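Below is one structure, written out as structure tokens; comments come after it.
Throughout, protein chains are lettered first and strands after them, A, B, ... in sequence-line order, and every chain is numbered starting at 1. Keep in mind that what you see is a predicted model, and the values were worked out from it rather than measured.
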There are 2 protein chains.
Amino acid sequence: MDPVDRPLRVDAARNRELLITAAEEEFSAKGSEVSVVDITRRAGVAKGTFFRHFATKDDLIAAIVGRHVGALIDVAENLREATDPGEGLLDFLTVAAAQRQQYDVSFLLRAGDDDERVVEVRNRLYEAIGVLVDRARATGAVRDDIGATDVILLMCAPNHVVEYLSSPPPDLWKRYLAIIFDGLRPEGAHPLPGREPVAVQ
Amino acid sequence: MDPVDRPLRVDAARNRELLITAAEEEFSAKGSEVSVVDITRRAGVAKGTFFRHFATKDDLIAAIVGRHVGALIDVAENLREATDPGEGLLDFLTVAAAQRQQYDVSFLLRAGDDDERVVEVRNRLYEAIGVLVDRARATGAVRDDIGATDVILLMCAPNHVVEYLSSPPPDLWKRYLAIIFDGLRPEGAHPLPGREPVAVQ
DNA sequence: GGACAAGGTGACCGCACAGTCAACTTATCG
DNA sequence: CGATAAGTTGACTGTGCGGTCACCTTGTCC
């Protein structure tokens with residue numbers, strides 16, 4: 001339908017990148033309470049420019065999520081071949097938490113978000129995590145009564161819990177990832193109530 | 001200073017209670033994104049009535065936090081005498097999570113909240129938790145490299161993680177409390193990176 | 001270099017929000 | 001009762017938001 005996939009003019013490409021970067025920085029600094037003018041002010045462009053590149057604010061969010069979750073999917077897929085699957089899963093969770101420490105877009109993954117692009121990339125990520133969890137469980141690196149959904153739900157917790165501090169040390173999340181991962185190990189595990197929830201979304 | 005502490009007129013007392021209850025229900029249903037008109041509509045009173053009882057929206061929030069956190073402080077103080085301190089700590093975390101399942105006001109406890117009434121009641125809660133953690137650690141029920149601040153930070157995680165599902169089973173938090181508490185036990189604990197953060201706020 | 005489409009701009013719109021207030025209603029008390 | 005202070009009401013204000021658009025600027029291509 002589109003006549004040609006004509007490339008962006010150089011100034012347009014630069015402004016688009018400025019907007020995405022500015023948005024990441026704003027979301028990182030202020031959480032989810034960021035307005036379009038906040039973003040354009042940091043990017044140094046006018047409001048109209050924002051809406052030339054992104055039809056709605058949610059479009060920009062989908063672009064950011066695509067970028068970050070795409071990177072995470074790559075990490076997860078590379079770790080499929082890890083010789084020690086338990087280490088592979090822990091490595092993935094570490095990379096994921098470190099990424100969120102810089103640009104936390106995890107609130108964009110919460111259920112109830114109806115944007116189809118976000119849902120699609122989220123599902124691809126969750127499939128990739130499922131592979132890592134299954135391998136880790138098969139080798140006894142994690143307890144056998146947990147599944148991929150459990151890991152997905154717990155994945156963001158190390159980053160979230162440190163937000164109760166007003167200025168947490170930048171790598172405090174490592175401490176809570178270690179505690180939670182110890183809870184996933186088979187040694188000294190107490191039986192879990194209920195059953196694994198069926199799926200995310 | 002006040003001339004007399006004259007009691008509220010009966011209709012005023014009833015409306016005040018209606019507003020607090022309606023606010024709890026709204027916060028419980030929609031999270032933190034609740035407007036004053038949402039609350040007054042559910043309470044069945046006009047907007048002006050809200051602002052006669054609470055000077056600002058934050059005043060109402062402080063009243064709700066006071067009520068809920070006060071109840072939690074009572075629970076923590078009663079569990080000081082528990083014969084098994086490990087069970088006592090787990091009982092406290094269970095009651096706290098169950099309470100949040102109904103009315104989650106944990107977002108009101110996040111750092112950066114400047115309301116002094118909220119800060120004061122929060123600190124009293126954290127002191128009470130500190131006693132429970134110290135006793136549990138002294139008897140070897142929890143690993144010796146964690147402290148009260150760690151438990152405080154992890155306390156809300158079981159409720160938060162289930163919010164990534166669109167309609168989680170109502171007691172799914174029990175599963176993640178069990179996993180996290182297993183991570184706090186001494187059996188099979190791997191050494192933690194970093195050190196315990198100094199304090200909340 | 002000139003023509004023109006692509007891109008940039010900021011005043012503007014409609015809306016939802018927290019908070020105000022003058023006019024009205026009612027519980028309380030002698 | 002009747003008087004009056006206490007409480008209620010909803011239209012109103014000001015602010016900030018996401019999004020629009022007519023006009024202006026500039027990169028691109030011959």
Distances under 3.5 Å between protein N/O atoms and the N/O atoms of nucleotides 26-30 of chain D, please, pair by pair.
residue	atom	partner	partner atom	Å
D:dT26	O2	A:Arg9	NH1	3.3
D:dG27	O4'	A:Arg9	NE	3.2
D:dT28	OP1	A:Val10	N	3.2

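A search for salt bridge (Lys or Arg N to Asp or Glu O under 4.0 Å) contacts involving A:Arg52 returns nothing, not counting sequence neighbours. By the salt bridge (Lys or Arg N to Asp or Glu O under 4.0 Å) test, B:Glu26 pairs with B:Lys30, B:Arg42, sequence neighbours left out. Evaluation of the salt bridge (Lys or Arg N to Asp or Glu O under 4.0 Å) rule for B:Asp74 yields no partner, not counting sequence neighbours. Among residues two or more places apart in sequence or in another chain, the side chain to side chain contact (heavy atoms under 4.5 Å, CB included) test is passed with A:Arg67 by A:Glu17, A:Ile20, A:Glu24. Remark: A:Pro170 pairs with no residue by the side chain to side chain contact (heavy atoms under 4.5 Å, CB included) rule, at least two apart or across chains. With sequence neighbours excluded, the residues that form a salt bridge (Lys or Arg N to Asp or Glu O under 4.0 Å) with B:Asp11 are B:Arg9. Take B:Lys57 and apply the side chain to side chain contact (heavy atoms under 4.5 Å, CB included) test, not counting sequence neighbours, and it matches B:Val36.
B:Asn123 pairs in a side chain to side chain contact (heavy atoms under 4.5 Å, CB included) with only one of the listed residues (B:Leu125, B:Val119, B:Val121), which is B:Val119.
Between B:Asn15 and D:dT8, a side-chain N or O to OP1/OP2 separation shorter than 4.0 Å is present.
More than 12 heavy-atom neighbours from other residues, nucleotides or ligands sit within 6.0 angstrom of CZ on A:Arg80.
Sorted by first and then second residue, the pairs that involve residues 175-185 of chain A and meet side-chain hydrogen bond (donor to acceptor under 3.5 Å, both in side chains), not counting sequence neighbours, are A:Arg175-B:Asp150, A:Tyr176-B:Asp150, A:Asp182-A:Arg185, A:Asp182-B:Arg143, A:Asp182-B:His190, A:Arg185-B:His190.
Listed for the A:Thr49 side chain is no donor-acceptor partner under 3.5 Å among the backbone atoms of A:Val45. The main-chain N or O of B:Ala82 is never found under 3.5 Å from a side-chain atom of B:Glu87 such that the two would form a donor-acceptor pair. A distance-only check finds a donor-acceptor pair linking the side chain of B:Asp38 to the backbone of B:Ser35 [under 3.5 Å].
Atom-to-atom, CZ of B:Phe54 to P of D:dG7 comes out at 13 Å; the value is rounded to the nearest Å. As rounded to whole Å, 9 Å separates atom P of D:dT9 from atom NE2 of B:His53.
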TODO: Give the B/S/- string for nucleotides 11-19 of chain D, one per nucleotide from 5' to 3', where a protein heavy atom under 4.0 Å of the base yields B, of only the sugar-phosphate yields S, and otherwise -.
DONE: ------SBB
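You can see that DNA chain C meets the heavy atoms of chain A within a 4.0 Å-exclusive cut from C:dA6 to C:dG10, reading 5' to 3'.
Axis angle between the ends of the helix from C:dG1-D:dC30 to C:dG30-D:dC1, five pairs each and rounded to 10 degrees, works out to 10°.
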